[in-house]
Amino acid sequence: MKKVVIALSVLALLTSCVSKKKYADLEARNKETQDLLNTATVKLNSCLEEKAGLTARVEGLKEHNQTLMATSKDMTILTAKGAENIEKALESIKEKDLKISRMQDALNKKDSVTLAVVTSLKSVVGLNDPDIEINVEKGVVYISISDKMLFKTGSYNVSDRAKSVLAKVAKVVNDKPDFECMVEGHTDNVPYIGNGILLDNWDLSVKRSTSIIRVLTNELGVKPEQLIAAGRSSYVPLVDNNSAENRAKNRRTRILVLPKIDQFYDMVEKEMKKQK
């Protein structure tokens, strides 16, 4: 019996020893496994964080890409519109250049016509009379005739001597049916003493203009539709009205020979239509 008890005790001891060893081994393996698990968890969390960062970065890149695509589309539209605007601007510049060129041609023609009129007037009227002056200002031909040749002091009756000069002017005008003439009366600053018909220098300047126009139309065959009556009184003097000599210079009649400007514009319009 004693032997049996001893044997059982030994067996229990051996069993107990084996269990503790296995337990220790299991404990060690469990610890190792736990360490591996902890390491894996750390790595997993790190990977998850990295994934989250990469995901956010990808989303940012997607948004940036969408923005770039939209910008690229807008740039394409802007570029197309810009090219269209540039093309329109170039067409506009070409059109303006053409208009300028045609206008320049018209002005050159106008200048040529003006020169021809001046030459005709000077050859017909002559240059020896100091009371007659022919010049060109801003493309307009001016014939300035002293009042002492045209009228007596304070009168608006055209003198016979003046009619011979006006006949020469009428010849040139009649040769240019497409021209108009403005007859412009000027006085000095001495107040006009009215006679009941004329009140002042305004009336006198206009009346002298209409008197010359009646001679040109009634006696010299100029078409009335080519003539314009105008009076400037004393308000456009050539010199100061401070002496008798200067006042005599300011008393004058100017005949402006005017090409019909609308004809030159018509010419330009026709040229423009030809280009279309």
Colleague: Check for a donor-acceptor pair, side chain of Ser205 on one end and backbone N or O of Ser233 on the other, with a separation under 3.5 Å.
Modeller: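 Such a contact is found between Ser205 side chain and Ser233 backbone.
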
Colleague: Rounded to the nearest 0.5 Å, how far apart are OG1 of Thr187 and CH2 of Trp202?
Modeller: 9.0 Å

Colleague: Minimum heavy-atom separation for Glu133 to Asn135, with atom names?
Modeller: OE2-ND2, 3.3 Å

Colleague: I'd like to know if the side chain of Ser155 reaches the main chain of Asn157, judged simply by a donor and an acceptor atom lying under 3.5 Å from each other, with no hydrogens or angles considered.
Modeller: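 Checking the backbone N and O of Asn157 against the side chain of Ser155, a donor-acceptor pair under 3.5 Å is found.
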
Colleague: Rounded at 0.5 Å granularity, tell me how far CG in Asn241 sits from CG in Asn189.
Modeller: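 Spacing of CG (Asn241) from CG (Asn189) equals 3.5 Å.
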
Colleague: Between Ala162 and Val158, what is the shortest heavy-atom contact and its length?
Modeller: CB-CG1, 3.7 Å

Colleague: Who passes salt bridge (charged side-chain N to carboxylate O under 4.0 Å, His left out) against Arg208, sequence neighbours left out?
Modeller: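 Arg208 satisfies salt bridge (charged side-chain N to carboxylate O under 4.0 Å, His left out) with Asp147 once adjacent residues are dropped.
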
Colleague: Which heavy-atom pair separates Val206 from Gly231 by the least distance, and what is that distance?
Modeller: CG2-CA, 3.6 Å

Colleague: Provide the closest heavy-atom pair for Ser209 versus Val183 in the form atom of the first, atom of the second, distance.
Modeller: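 Answer, listing the atom of Ser209 first, then Val183: OG-O, 2.6 Å.
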
Colleague: Please list, chain by chain and in numerical order, all residues satisfying side-chain contact (heavy atoms from CB on, under 4.5 Å) with Ser243, sequence neighbours excluded.
Modeller: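 Applying side-chain contact (heavy atoms from CB on, under 4.5 Å) to Ser243 gives Glu245, Asn246.
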
Colleague: Using side chain to side chain contact (heavy atoms under 4.5 Å, CB included), reason through Lys168 and Val165 one step at a time and then give a plain yes or no.
Modeller: CA-CA 5 Å; Lys168 296 176 181 180; Val165 175; 5.7 Å; no

Colleague: If the condition is salt bridge (charged side-chain N to carboxylate O under 4.0 Å, His left out), which residues does Lys223 pass it with, not counting sequence neighbours?
Modeller: none

Colleague: The criterion is salt bridge (charged side-chain N to carboxylate O under 4.0 Å, His left out); which residues satisfy it with Arg254, sequence neighbours excluded?
Modeller: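 Partners of Arg254 by the salt bridge (charged side-chain N to carboxylate O under 4.0 Å, His left out) criterion, ordered by chain and then number, come out as Glu184.
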
Colleague: Distance-only, no hydrogens or angles: does the Asp200 side chain make a donor-acceptor pair with backbone N or O of Asp203 under 3.5 Å?
Modeller: yes

Colleague: Rounded to the nearest 0.5 Å, what separation is found between the OH atom of Tyr192 and the CG atom of Leu204?
Modeller: 6.0 Å

Colleague: Given His186 and Asn250, is the side chain to side chain contact (heavy atoms under 4.5 Å, CB included) satisfied, shown in steps?
Modeller: CA-CA 7 Å; His186 294 260; Asn250 290 330; over 6 Å; no

Colleague: Looking only at atom types and distance, does a side-chain atom of Asp188 sit under 3.5 Å from a main-chain N or O of Val190, one as donor and one as acceptor?
Modeller: yes

Colleague: Could you state whether Met149 and Phe151 fall into the same hydrophobic cluster, counting links through intermediate Ile, Leu, Val, Met, Phe, Trp or Tyr residues with side-chain heavy atoms under 4.5 angstrom apart?
Modeller: yes

Colleague: In Å, rounded to the nearest 0.5 Å, how long is the span from OG of Ser159 to NZ of Lys163?
Modeller: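 That separation rounds to 8.5 Å.
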
Colleague: Give every donor-acceptor pair under 3.5 Å between a side-chain atom in residues 213-222 and any protein atom, sequence neighbours left out.
Modeller:
from, atom 1, to, atom 2, distance (Å)
Thr217, OG1, Ile213, O, 2.9
Thr217, OG1, Arg214, O, 3.3
Asn218, ND2, Arg214, O, 3.4

Colleague: Arg252 versus Ile145: any side-chain heavy-atom pair under 4.5 Å?
Modeller: no

Colleague: Report the residues that fulfil side-chain contact (heavy atoms from CB on, under 4.5 Å) with Ile228, sequence neighbours left out, ordered by chain and then residue number.
Modeller: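 Once residues adjacent in sequence are excluded, the partners of Ile228 under the side-chain contact (heavy atoms from CB on, under 4.5 Å) criterion are Glu180, Met182.
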
Colleague: May I ask whether Phe179 and Ile212 are part of the same hydrophobic cluster, defined by side-chain heavy atoms of I, L, V, M, F, W, Y residues being less than 4.5 angstrom apart, directly or through others?
Modeller: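 Yes; tracing contacts between hydrophobic side chains, which count when under 4.5 Å, links both residues.
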
Colleague: State, yes or no, whether a side-chain contact exists between Tyr156 and Leu198 at a heavy-atom distance under 4.5 Å.
Modeller: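 In short, these two side chains touch, coming nearer than 4.5 Å.
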
